[in-house]
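All remarks here apply to the structure that follows.
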Amino acid sequence: MNIVDQIKEHAQLAIKNVFEQEVGYDLLTVNLTKPEFEGDYTLVLFSFVKQLRKSPEQIGALLGENMVQQFPEMYTGFNVIKGFLNLVVTDAYWINYLQNNYTKSTFTIPQAKAKKIVLEYASPNTNKPLHLGHLRNIFLGWSMAQILHHCGHDVVKTCIVNDRGIHICKSMLAWKKLANGATPQSSNMKGDHFVGHYYVLFENELKAQAQPIIDKIIAGDISGFNDATTTQLEKLTAALAKATEQEKQDKIKDDIKEIGRNQTPIMQEAREMLQQWEAGNEEVLTLWKKMNGWVYEGFDATYNRIGADFAKTYYESETYLPGKKFVEAGLEQGIFYKKEDNSTWVDLTPDGLDEKLLLRGNGTSVYITQDLGLAQEKYDDFKYDESSYVIADEQNYHMKVLKLILQKLGKPYADGIFHLSYGMVELPTGRMKSREGTVVDADDIMDEMAQVAKAKTEELGKVKDFSQAELEELYETIGLGALKFFLLRVDPKKKMIFNPEESIEFQGFTGPFIQYTHARIKSMLREVYPNAELTKEVTALQPKERALVVLLEQYDVIALQAGLEHNPSLIALYAFEVAKVFNSMYADSEYKILKAENEIKKHLRLQISQLTASVIANAMQLLGVKVPERM
RNA sequence: UGGUUUAUAGUUCAAUGGAUCAGAACACUUCACUACGAAUGAAGAGAUACAAGUUCGAAUCUUGUUAAACCAACCA
């Protein structure tokens, strides 16, 4: 049991002994003692002073006395300041902890109420390669799965591939028109980049075709469109004439732009292709399969490089039909309803939301339709207790609606739906936009990071005896480590800013700093392995030794918290703290390890070092970051 | 116009309603390799958007103001 829980139990007992009262476990708060006070852990008394009808100072003194008396092997002393009871834990406790754990290699936490958790992440479109935003998603998802597994749960990683829709048709159409039968092999390009290239070509052509139309409309000429469009344009141009603020004008112009884009011949062609796809046109389907195949080859290479994996991959082309059936079932239950144009809706206004469309008038599905079907399918497949979705925060509303609809239908799994919402990665100039070519490509950034790792490694010249293969592996480990750590060290809920002008740091609060600390410890352990026989008689710790062991003991609590809060950044923060505290001790001439003042001290510090290395390696592995033996 | 979210050193990030000093990292100014690995350590300077309120106590909770992002699509 970790020390915080032990202290809480002891406090409950002491309250019972002294006051003959019960205080709820939830009312007990145990924190680390602030460095400016004496002690290791602090019991906050304010929450139950009223119940015990004494001043905080009196309560603290009585409880402290009782705890020290009852558990002398655990506490040597205490002090009370205002409403805080600071407890000093014995060195014997920490030494005992160290001896029992320093050889440990697995840190998995047993879980009495293990849950079956389906965790969906990555979920790319198949019309363009992965970018930095996807990487945040993938690292976050993979890490969360790892953390939840570490906390004793049964985790199934899944992926939904958005493999159909107008965006795919755009790439297909551009390829058909412009490629002359080129393939990724013949162009010497990675498959996903190859397909993405044609997506860009399509967008360029679209832009060129749309511009004259947009200019014409803004000039006031709205002739030559069908009735519905004409009416829409009349409204927009009228509004534009009236709008005085720049912002408002821009917004209206955006709407006009969208209409202009839709009126282009090339867009019409893309839509026709989508209809042909839905109708099962042989030629279109063949092309679709071929191009998606290229994309999957590219994705697999990237997944393989970063260590992403999935127990099951779902494809939207297969889930959108079950989604429709799912909606029909809801219609029969009377939860959904039809409007006169035959479209299907659900009314969420009683819950403070809007009416939501579920099927178009022509019977085709919309975005949420397939998500409803997929939720059911995943439940049929895995009978989950919790179904987590790693999806950006722009879809908070969508996910709220999804969960609510499932709850309205009385689905047993509805409450287990959890949106692991994360903030978008932005550039200093704002959001990344693929249409404007301001995306940071995933493969490029990984290559860059490996390059920086290479340059730095060669400059330092510490691994000159490595083979070429070992070197390549090391550059990957360090470069990817820096990138993963950079993206995971921030609270997932918050948006983060990435500046491509400044390469990611290798110093300070970074992956390589922690990897370095690990390698440094390993180089000592290669020379001398700690011998527990020699440290049996140790009874006291010096301040920095003690501080480090106290920190290492917290690993379980941190891991549990990270799982509970769905927040890997807690692990990153913790691993950094451990490395920092170790380095501070290591650099201090009072704490020499291999050249310690005597054999006992030497082996004691080696034990601490070994536990440090194991905790670092384990924590980093929860983030998907490898730690090298040498670097 | 409504809903959600965010605002902390020059920059990027921390801080279950808790302490007398809001922590780090980068950048900046110094110092330390004839020291177990300097991808390091040590020292210095620097911040809670604004205004009220709630209470023993507020960066944190409430309200308002200002600014930004997202959502509110028969796009996915």
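We use all heavy atoms of the structure for the numbers below, so side chains are in, but hydrogens, waters and symmetry mates are not. All chains are named by letter (A, B, ...) in the order of the sequence lines, taking the proteins before the strands, and each is independently numbered beginning at 1.
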Side-chain N or O of [X] closer than 4.0 Å to phosphate OP1/OP2 of [N]:
X	N	answer
A/Ser523	B/rG37	yes
A/Arg431	B/rC70	yes
A/Tyr367	B/rA76	no
A/Lys34	B/rA19	yes
A/Lys494	B/rA14	yes
A/Arg164	B/rC75	no
A/Lys82	B/rU20	yes
A/Tyr516	B/rG37	no
A/Arg489	B/rU12	no

Which part of the nucleic acid, if any, lies within contact of [X], taking any heavy atom under 4.0 Å across all strands shown: a base, the sugar-phosphate backbone alone, or nothing?
X	answer
A/Ala392	nothing
A/Leu573	sugar-phosphate
A/Gln561	nothing
A/Asn499	nothing
A/Asn127	nothing
A/Met424	nothing
A/Thr42	base
A/Phe46	base
A/Gln515	nothing
A/Ile497	sugar-phosphate
A/Phe84	base
A/Asn362	nothing
A/Thr457	base

How close or far is atom [atom2] of [N] from atom [atom1] of [X], stated in whole angstroms?
X	N	atom1	atom2	answer
A/Leu358	B/rC74	CG	P	11 Å
A/Leu353	B/rA73	CG	P	11 Å
A/Tyr586	B/rA39	OH	P	11 Å
A/Asp491	B/rU6	CG	P	10 Å

Margin query: So does A/Thr364 get a backbone contact from the side chain of A/Asn362, meaning a donor-acceptor N/O pair under 3.5 Å?
Written below: yes

Check: With no hydrogens and no angle check, is any side-chain donor or acceptor of A/Arg360 less than 3.5 Å from a backbone partner on A/Ser365?
Finding: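 Yes; judged by distance alone, with no hydrogens or angles, the pair exists.
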
Check: To the nearest 0.5 Å, what is the distance between CD1 (A/Ile478) and CD (A/Glu473)?
Finding: 11.0 Å

Complement of [N], any strand, by Watson-Crick or G-U distances under 3.5 angstrom:
N	result
B/rC50	B/rG64
B/rC13	B/rG23
B/rA32	B/rU40
B/rC74	none
B/rG57	none

Checklist line | Residue closer to the 5' end of RNA chain B, A/Val30 versus A/Ala453 (nearest nucleotide) | finding: A/Val30

Next item on the list: Could you check A/Glu629 against A/Ala587 and say which one's nearest nucleotide on RNA chain B is further toward the 5' end?
Entry: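 Result of the comparison: A/Glu629.
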
Notebook entry, point to check: Between A/Asp40 and A/Thr33, does any side-chain donor sit less than 3.5 Å from a side-chain acceptor?
Noted result: no

Identify each atom pair where a protein N or O and an N or O of nucleotides 42-44 of chain B are less than 3.5 Å apart, giving names and distance.
{"residue": "B/rA42", "atom": "OP1", "partner": "A/Ser584", "partner atom": "OG", "Å": "3.2"}

Notebook entry, point to check: If you take all heavy atoms of A/Lys462 and A/Met631, which pair is closest and at what distance?
Noted result: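 In terms of heavy atoms, the two residues are closest at CB-O, 3.7 Å.
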
Notebook entry, point to check: How about A/Lys338 and A/Leu331: do any of their side-chain heavy atoms sit closer than 4.5 Å?
Noted result: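 Sidechains of A/Leu331 and A/Lys338: in contact.
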
Notebook entry, point to check: Does some side-chain heavy atom of A/Leu560 sit less than 4.5 Å from a side-chain heavy atom of A/Leu564?
Noted result: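 Not in contact.
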
Notebook entry, point to check: Step by step, would you call A/Lys400 with A/Asn396 a side-chain hydrogen bond (donor to acceptor under 3.5 Å, both in side chains)?
Noted result: CA-CA 6 Å; A/Lys400 202 168 154 185; A/Asn396 285 352; over 6 Å; no

Taking only the [atom1] atom of each, what is the distance from [N] to [M] in whole angstrom?
N	M	atom1	result
B/rA51	B/rG46	C1'	26 Å
B/rU5	B/rA43	P	41 Å
B/rU60	B/rA22	C1'	11 Å

Nucleotide nearest [X] (side chain, heavy atoms from C-beta), chosen from [options]:
X	options	answer
A/Ser589	B/rA35, B/rU40, B/rC13	B/rA35
A/Gln395	B/rA39, B/rC71, B/rA76	B/rA76
A/Ile81	B/rC74, B/rA19, B/rG37	B/rA19

Notebook entry, point to check: With under 30° as parallel and over 60° as perpendicular, where do the rings of A/Tyr367 and A/His398 fit, or are they tilted in between?
Noted result: parallel

Check: Planes under 30° and centres closer than 5.5 Å, is that true for A/Phe509 with the base of B/rA24?
Finding: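 No, A/Phe509 does not stack on the base of B/rA24.
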
Checklist line | Aro-ring/base stack A/Phe37-B/rA19, d under 5.5 Å, angle under 30° | finding: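 Yes, A/Phe37 stacks on the base of B/rA19.
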
Note to self: Using a 6.0 Å distance limit plus a 45 degree cone around the ring axis, check whether A/Arg630 lies over the aromatic ring of A/Phe466.
What the structure shows: no

Checklist line | Identified ring-ring contact (aromatic ring centres under 6.0 Å, His included) partner of A/Phe84 from the options A/Phe78, A/Phe46, A/Phe37 | finding: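 Filter result, single survivor: A/Phe46.
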
